[in-house]
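Proteins come first, then strands; the chains are lettered A, B, ... in the order of their sequence lines, and each starts at number 1.
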Amino acid sequence: MERAVPHAVPLGQMEVFQALQRLHMTIFSQSVSPCGKFLAAGNNYGQIAIFSLSAALSSEAKEESKNPVVTFQAHDGPVYSMVSTDRHLLSAGDGEVKAWLWAEILKKGCKELWRRQPPYRTSLEVPEINALLLVPKENSLILAGGDCQLHTMDLETGAFTRALRGHTDYIHCLALRERSPEVLSGGEDGAVRLWDLRTAKEVQTIEVYKHEECSRPHNGRWIGCLATDSDWMVCGGGPALTLWHLRSSTPTTIFPMRAPQKHVTFYQDLILSAGQGRCVNQWQLSGELKAQVPGSSPGLLSLSLNQQPAAPECKVLTAAGNSCRVDVFTNLGYRAFSLSF
Amino acid sequence: MSSESSKKRKPKVIRSDGAPAEGKRNRSDTEQAVEIEDRRIQSCVHFMTLKKLNRLAHIRLKKGRDQTHEAKQKVDAYHLQLQNLLYEVMHLQKEITKCLEFNDSGVSFPNRLAEKYRECLSNKEKILKEIEVKKEYLSSLQPRLNSIMQASLPVQEYLFMPFDQAHKQYETARHLPPPLYVLFVQATAYGQACDKTLSVAIEGSVDEAKALFKPPEDSQDDESDSDAEEEQTTKRRRPTLGVQLDDKRKEMLKRHPLSVMLDLKCKDDSVLHLTFYYLMNLNIMTVKAKVTTATELITPISAGDLLSPDSVLSCLYPGDHGKKTPNPANQYQFDKVGILTLRDYVLDLGHPYLWVQKLGGLHFPKEQPQHTVIADHSLSASHMETTMKLLKTRVQSRLALHKQFASLEHGIVPVTSDCQYLFPAKVVSRLVKWVTIAHEDYLELHFTKDIVEAGLAEDTNLYYMALVERGTAKLQAAVVLNPGYSSIPPIFQLCLNWKGEKTNSNDDNIRAMESEVNVCYKELCGPRPSHQLLTNQLQRLCVLLDVYLETDSHDDSVEGPKEFPQEKMCLRLFRGPSRMKPFKYNHPQGFFSHR
């Protein structure tokens, strides 16, 4: 049976190696620039690529617009998490958090502004940092990951102010409750913990896997993703994707998704989730699946909504995961195109 | 001066003299004396002034005389120069008038010139005579040299310097077509200068080669030739169109009767025999290859294609598959006789690889097809060394694979002692099957789509399937072996059957395992020339499967113990958002960690 195979240019050693690298690339994190026109993506090789969303979305976009404007080696290990402040891009992965100036990042040979490592307990292996969270009210950054603690770092001084202990296994994800302020963390130990930042104490624990309706023992008990909206919290991972009412610690809605979800977020009156499987899932708060839009990667690890007020024309949803591509959804109904490393 | 001394003395004298006589004529004497004094003083002053003026006058005079003298000297010098120049001018004018007189009159040259001329003539005659004598001498040498060479033959053989043989070869080489000649000359030169393991020889019939250039009617007029042949052979019936076409094809693909043989001997006494042919009507060269080993090789089933003449030299340079003619002009010739592609004839004619054309000095530029492509020595020389080295590397890597395949088919992954450090001492998963699969079958597999889409699964590659098992777990590995192994790594795609089917599309850890062998292959190359790459990759696959199975998180809902108890030392089981297993082996501590 004839299969339409693309006619290849004779591939030497370098081309084969680069092709293999791209095939085995995983994009773990994304972050939108403060001006809203650029998107940073971090991969498993420690590289960060900056894409120009405005160029790719414009009417004169060519094939080259889907390639990064600049790619640089940011870390030695994978870049698991990134966030942006109004001037900086913060990236973390292999135990360190580094800051880059957005204004300088497009220039070649950009160097990090600073790098900090939280005081770790273990010394054998450097624990990874899986999640970064900005707390605007106190101008601090929360890091969490392999050493099972939440560290807070003051962005002004760079000093580490708190270390919140309680998880018994490594932490996957963080979410912020603006009002209190309180932080939620979800980890490999299957628990979602609520921390009060003022008292630096754990105030609530929800062990998701202990609730029969949502537990999925064959997937494991790990909590891979968290999102919160006032009194509500949605989390997923090994157990099913579930919506919780925080004050009463009760699961109100279980979303019928078999595959473990790796990223979840509230958007307008919907919940968007993605994980194992190609699709970005859109859920009604009632638990109904509104839409499933397939992306180009066989599994997704991060979703990013560009809601920067400065660039309304770049208001898109981008999804990335087990491939070298970032899918761009201009409208939640279909995938418009993909950016590629 | 006396006036001065008197002036000095005078006041004393005046006082001494003036004192006694003063009483009487006081006033008038003293007044007179004073006046006289004044006058004397004045006169002294005048005298001094006079002297001074005199002196000055003398000095001025002297100065004036000096200046005049200088000026006079200068003028004299100029005068002299003027005289000299005038004299020269006069002389030159005389000469000129003399010459003019000569030219005008056309009077014969002075004798000396004529003499010189006669001398030269006689010299020339002498030299000519000498040349004649020397020529005769040299021609008499020729038979003497021949006899010496004959006499020296036994000495040559004794000393292993077969000059005579080489001489004969060069004689034959004169009848080679230009590309083969270029190859012969360049290869011989390279062999003598850089590589003693290369030997060059010419095979075929010199008489036939000579016959090609005899009466033109024989070679040029194809139709009459073939007609003549047909008339001789089949007088019974008229030849069919098909047979005519067939004959035309044969004629077009005809090879020159002479061929050049290159033998490359490798370290382990295996030899690569290359025979180069020249297709006269197509103006391209082809090569046939054969590998012989010191001891006879028993070919394992999966190793069939490794050393076969058809594929052993495929893609020596990336993309050079040798299935199409490199000369674009040939396509028009092919159309006339109904040949679709040279591919159908390569088994018989040999492969027209691009490097073969280059060694023959033939270059076919794609942009501007040229009418006559001439064999160029420099093109051949510039490619000779690289090509010879690539050929040797190719043969040795194929032979290494050959040996390894024999072991793989028996379920043993042959890991050499200098690569043991890459793996833990205990590896439980075992290779149970190693077979070759067809290209089409590889394309059909459901877990190889990514590789196919990336253009890494061409039909010039070799494909294999390995099966690794432990307990109830079965791991299939589809392998793409690029002809450029081992500089281009083999590519693995995995499918695990254990508690369901897991591939890189539904299990991040399977994807990580593929990455460990495909992307991190440089660690597995082993000592140069990296012949251990494939076997190390397979061994790593076994280790990865061990880790995968032993670190499987226990499902609380299922009763009973884990099928694979954890024996591997790991610092942590899962890490990162993708919950990766610890696949990286650390030597010599022996524990597993994450990349």
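- Atom CD of A:Glu212 is surrounded by 12 or fewer heavy atoms from other residues, nucleotides or ligands within 6.0 Å.
- Chosen from B:Asn518, B:Asn504, B:Ile451, B:Asp507, the residue pairing most often with chain A at heavy-atom distances under 4.5 Å is B:Asn518.
- Residue A:Tyr45 holds its OH atom at 5.0 Å from OG of B:Ser515, rounded to the nearest 0.5 Å.
- Heavy-atom pairs under 4.5 Å with chain A were tallied for B:Ser578, B:Ser593, B:Ser505, B:Gly576; the largest tally goes to B:Gly576.
- Two residues are said to be in side-chain contact when any heavy atoms from C-beta on lie closer than 4.5 Å; A:Leu20 and B:Pro489 meet this criterion.
- With a 4.5 angstrom heavy-atom cutoff, B:His594 touches chain A via backbone and side-chain atoms both.
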Verdict with supporting geometry, B:Asp508 and A:Thr26, side-chain contact (heavy atoms from CB on, under 4.5 Å): CA-CA 10 Å; B:Asp508 291 341; A:Thr26 304; over 6 Å; no
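- One finds no salt bridge joining A:Glu188 and B:Arg572 here, because no Lys/Arg side-chain nitrogen approaches an Asp/Glu carboxylate oxygen to under 4.0 Å.
- Here the side chain of B:Arg511 pairs a donor or acceptor atom with the backbone of A:Asn322 at under 3.5 angstrom.
- Between A:Glu125 and B:Phe591, the closest side-chain pair of non-hydrogen atoms is not below 4.5 Å.
- In this structure, the separation between CD on A:Gln13 and CG on B:Asn482 is 10.5 Å, given to the nearest 0.5 Å.
- Considering all non-hydrogen atoms of both residues, B:Pro318 and A:Gly12 come closest at CG-CA, 4.0 Å.
- Taking CH2 of A:Trp222 as the reference point, atom CZ of B:Arg579 lies at 5.5 Å (rounded to 0.5 Å).
- Proximity to chain A involves both the backbone and the side chain of B:Phe574, based on heavy atoms less than 4.5 angstrom apart.
- A salt bridge does not link B:Arg595 to A:Asp76: none of the charged side-chain nitrogens sits closer than 4.0 Å to a carboxylate oxygen.
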